[in-house]
S.K.: 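Here it is, the structure in full.
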Amino acid sequence: MDWNKAGLEHPGLWVPVLAVFLLGACQAHPIPDSSPLLQFGGQVRLRYLYTDDAQETEAHLEIRADGTVAGAAHRSPESLLELKALKPGVIQILGVKTSRFLCQGPDGTLYGSLHFDPAACSFRELLLEDGYNVYQSEALGLPLRLPPHSSPHWDPAPRGPARFLPLPGLPPAPPEPPGILAPEPPDVGSSDPLSMVGPSHGRSPSYAS
């Protein structure tokens, strides 16, 4: 069969074939996600960093107003943290209430700073299979550890826990507006029980009780 001749005699035969070809060529295929930031659903996360260890230490990392970093047994406004990605695998940690960045000195001491220093306040985030994370100073390579027994000073000998479980946090609720006071009941013994006339000064003597 001469397809060229058939195509000339019946041009409508080529329309379905051409349509199938174009649809196959234009079909979009998904691109695999390669960025580790995509698994978080965004570059900024509100989290409580909870930690525990074999010595039954359970604490939430707190960045306090005076710049000290310690652990608290319960969640508090000072333990709500903002984790923001700086680049793949590297984050900064900010105390929401105190507006202080979590930083680490050369000796491993943790402190909260009002100013962000990339060399001291950038941490590499390593995800473990059990859901916990490990954080290391990007510049120093030191692990982020809570001071033992809630002491603000870092001591390398009695190592504190270094695994943290990021627990979802919610931003602080806005203060409730002041309630509206209920109107006082009308004074039925007054000539103006609904207080429609106004203050007594400038009032006509006719309204004086």
Side-chain angles (χ1 to χ4, degrees), residues 33-105 108-118 120-156 158-176:
D33 295 337
S34 58
S35 173
L37 300 178
L38 298 178
Q39 60 183 310
F40 301 130
Q43 294 190 6
V44 177
R45 295 165 284 155
L46 290 178
R47 295 290 186 269
Y48 297 97
L49 290 184
Y50 167 84
T51 183
D52 59 4
D53 60 5
Q55 285 74 36
E56 299 182 354
T57 300
E58 297 184 10
H60 299 80
L61 189 149
E62 277 189 348
I63 304 177
R64 297 174 178 170
D66 60 356
T68 59
V69 177
H74 304 286
R75 299 182 189 182
S76 67
E78 288 78 12
S79 62
L80 180 60
L81 308 174
E82 179 186 275
L83 279 60
K84 182 178 181 180
L86 302 176
K87 57 185 178 181
V90 178
I91 64 171
Q92 69 180 30
I93 302 175
L94 174 70
V96 174
K97 180 176 177 60
T98 60
S99 297
R100 287 181 176 270
F101 295 95
L102 180 66
C103 304
Q104 192 173 37
T109 302
L110 298 177
Y111 63 95
S113 173
L114 293 174
H115 305 285
F116 178 74
D117 180 4
C121 311
S122 301
F123 294 90
R124 187 166 298 279
E125 185 177 44
L126 306 176
L127 281 64
L128 305 180
E129 295 181 355
D130 57 2
Y132 282 77
N133 293 350
V134 173
Y135 300 92
Q136 293 180 344
S137 170
E138 184 187 23
L140 304 173
L142 299 175
L144 192 159
R145 295 179 182 272
L146 272 182
H149 308 298
S150 299
S151 169
H153 304 291
W154 191 87
D155 187 354
R159 289 179 172 270
R163 301 189 320 148
F164 292 88
L165 182 64
L167 301 175
L170 297 176
E176 296 183 359

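All residue numbers refer to positions in the sequence shown, counting from 1.
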S.K.: Where do L86 and S122 come nearest, in terms of heavy atoms and distance?
M.R.: CD1-OG, 3.5 Å
S.K.: Among D130, N133, T51, find the one that has a side-chain hydrogen bond (donor to acceptor under 3.5 Å, both in side chains) with R163.
M.R.: D130
S.K.: With a 3.5 Å distance limit and no angle check, can you tell me whether S79 reaches the backbone of R75 through a side-chain donor-acceptor pair?
M.R.: no
S.K.: Can you name the closest pair of heavy atoms from C103 and S113 and give their distance?
M.R.: SG-CB, 3.8 Å
S.K.: Rounded to the nearest 0.5 Å, what separation is found between the CG atom of L80 and the CG atom of L49?
M.R.: 10.0 Å
S.K.: Once you round to the nearest 0.5 Å, how far does CG of L81 lie from CZ of R45?
M.R.: 11.0 Å
S.K.: To the nearest 0.5 Å, how far apart are CD1 in I93 and OH in Y135?
M.R.: 6.0 Å
S.K.: Look up atom SG in C121 and atom CD1 in I91, then write down how far apart they are to the nearest 0.5 Å.
M.R.: 12.0 Å
S.K.: Which heavy atom of E138 sits nearest a heavy atom of R124, and at what distance?
M.R.: OE2-NH2, 3.6 Å
S.K.: Once you round to the nearest 0.5 Å, how far does CG of L146 lie from OH of Y50?
M.R.: 11.5 Å
S.K.: Walk me through whether D117 and H115 qualify under side chain to side chain contact (heavy atoms under 4.5 Å, CB included).
M.R.: CA-CA 6 Å; D117 180 4; H115 305 285; over 6 Å; no
S.K.: Would you find a donor on one side and an acceptor on the other, under 3.5 Å apart, between the side chain of E82 and the backbone of S99?
M.R.: no
S.K.: Applying side chain to side chain contact (heavy atoms under 4.5 Å, CB included), run through L126 and Q136 and close with a yes or a no.
M.R.: CA-CA 8 Å; L126 306 176; Q136 293 180 344; 4.2 Å; yes
S.K.: Could you tell me the separation between the CG atom of L102 and the CZ atom of F116, rounded to the nearest 0.5 Å?
M.R.: 11.0 Å
S.K.: What's the shortest heavy-atom distance between E78 and T98, and which atoms?
M.R.: CG-CG2, 4.4 Å
S.K.: Please report the closest heavy-atom contact between L140 and G105, naming both atoms and the distance.
M.R.: CD1-O, 3.3 Å
S.K.: Quick check: closest heavy atoms across Q104 and S137, and the distance to 0.1 Å?
M.R.: OE1-CB, 3.2 Å
